[in-house]
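Computed from heavy atoms alone, side chains included, the values below leave out hydrogens, waters and symmetry copies. Computed from a predicted structure; not experimentally measured.
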Amino acid sequence: MKESLPLYKALANALTQRIYEGDWAVGSYLPSEASLCKSFEASRHTLRHALQTLERDGLVLRRQGAPTQVISRRKVRRFTQSFNSPIDILSYPRNTYRQNIVQDFIELDKPLSEMIGSAVGSSWYHIGGIRKQRDSEEVIAWTDIYILPQFASLTSDPEHSQVMVFEQIEKKYGTRIDRAEVDVYSIGLPAHIAKRLELKVGDPCLVIVRRYFDNQDKLFEVTFTYHRHNKYTYKMEFKSDIGN
């Protein structure tokens, strides 16, 4: 076992290699802790730390009072995605902009209350607009944005059509996102959205719903964006943690 590694990692590597080579078949049990400690000249503490590593890697199953069972010969591949800012979450290229068509104060009726996740009768400010490509003026999507009434004046800012609304709220009012929820689903276009996008009722569209909460877990913005089925692609990159 390599001296440059911590003892438990070296032992975990040795056990992993033995499992991979088939010394202990999937479904079988590892020798007792006492036997493994003797075989590898390791302390019980080091062995248990090593077994924790194997369990985390998806190779063994450990249960109190039962022998350690081999459940796989290969490590589970885990993938991670990193976000530096909420703007990385399903945002739009900077060569697009939003043209507001609707701006009004509303009180939520029951259907809107269920959609937004706020009480019936609560007050919100509604912004409805078309997102377009800057150069071609091609329509990409229709967006309904619901924000708390105290943020309504941001629509008069010169940068409003160019910047995501939550960015404006953070910059102008100091309300920062602590938590965000994103839902993605497909539907047939309802009549009022189909008209905005110049499409047929029932045409396929991708809906992305974003909900933003502050550090008091208070909902302060909800957006519903309806994308034309062939005009929006979102790409993610995931990195495997194997070898880290």
Do Arg131 and His227 have side-chain N/O donor and acceptor atoms under 3.5 Å apart? no

Check Asp217 against Arg179 and note the closest heavy-atom contact, atom names and distance. OD1-NH2, 2.8 Å

Euclidean distance, Ile140 CD1 relative to Gln133 CD, rounded to 0.5 Å: 4.0 Å

Report, as yes or no, whether the 6.0 Å neighbourhood of atom OH on Tyr173 holds more than 12 heavy atoms from other residues, nucleotides or ligands. yes

Shared hydrophobic cluster for Ile116 and Tyr185 (ILVMFWY, side-chain gaps under 4.5 Å): yes

Using distance alone, with no hydrogens and no angle criterion, decide if Glu137 and Tyr97 have a side-chain donor and acceptor under 3.5 Å apart. yes

Is the closest side-chain heavy-atom distance between Thr53 and Leu11 below 4.5 Å? no

Might you point out which heavy atoms bring Tyr146 and Ile106 nearest each other, and give the distance in Å? CE2-CD1, 3.6 Å

For Ser43 and Thr46: C-alpha separation, side-chain torsions, deciding distance, then whether side chain to side chain donor-acceptor pair (under 3.5 Å) applies. CA-CA 5 Å; Ser43 70; Thr46 298; 2.9 Å; yes

Ignoring hydrogens and geometry, is there a side-chain-to-backbone donor-acceptor pair from Gln103 to Ile127 under 3.5 Å? no

Take atom CZ in Arg74; do more than 12 heavy atoms of anything else shown fall under 6.0 Å from it? no

Tyr29-Trp24 co-clustered via ILVMFWY side chain contacts under 4.5 Å: no

Gap between atom NE2 of His192 and atom OH of Tyr226 - 0.5 Å precision: 5.5 Å

In one Ile/Leu/Val/Met/Phe/Trp/Tyr side-chain cluster, 4.5 Å: Leu36, Leu61: no

Strictly distance-based, threshold 3.5 Å: is any side-chain N or O of Glu221 a donor or acceptor partner for the main-chain N or O of Ile145? no

Quick one, Arg211 with Asp183, criterion salt bridge (charged side-chain N to carboxylate O under 4.0 Å, His left out). Give me CA distance, side-chain angles, the key distance, then yes/no. CA-CA 9 Å; Arg211 292 182 173 86; Asp183 297 327; 3.2 Å; yes

Measure the shortest side-chain to side-chain distance between Arg98 and His160 over non-hydrogen atoms and say whether it is less than 4.5 angstrom. yes

Determine whether Tyr8 and Leu59 fall in the same hydrophobic cluster, where Ile, Leu, Val, Met, Phe, Trp and Tyr are linked whenever their side-chain heavy atoms lie under 4.5 Å apart. no

Can you give me the closest heavy-atom contact between Ser123 and Glu107, atom names plus distance? OG-CG, 4.1 Å

Report yes or no: do Leu108 and Leu219 belong to one cluster of Ile/Leu/Val/Met/Phe/Trp/Tyr joined by side chain heavy-atom distances under 4.5 Å? yes

Can you tell me how far CG of Leu47 sits from CG of Leu30, rounded to the nearest 0.5 angstrom? 9.0 Å

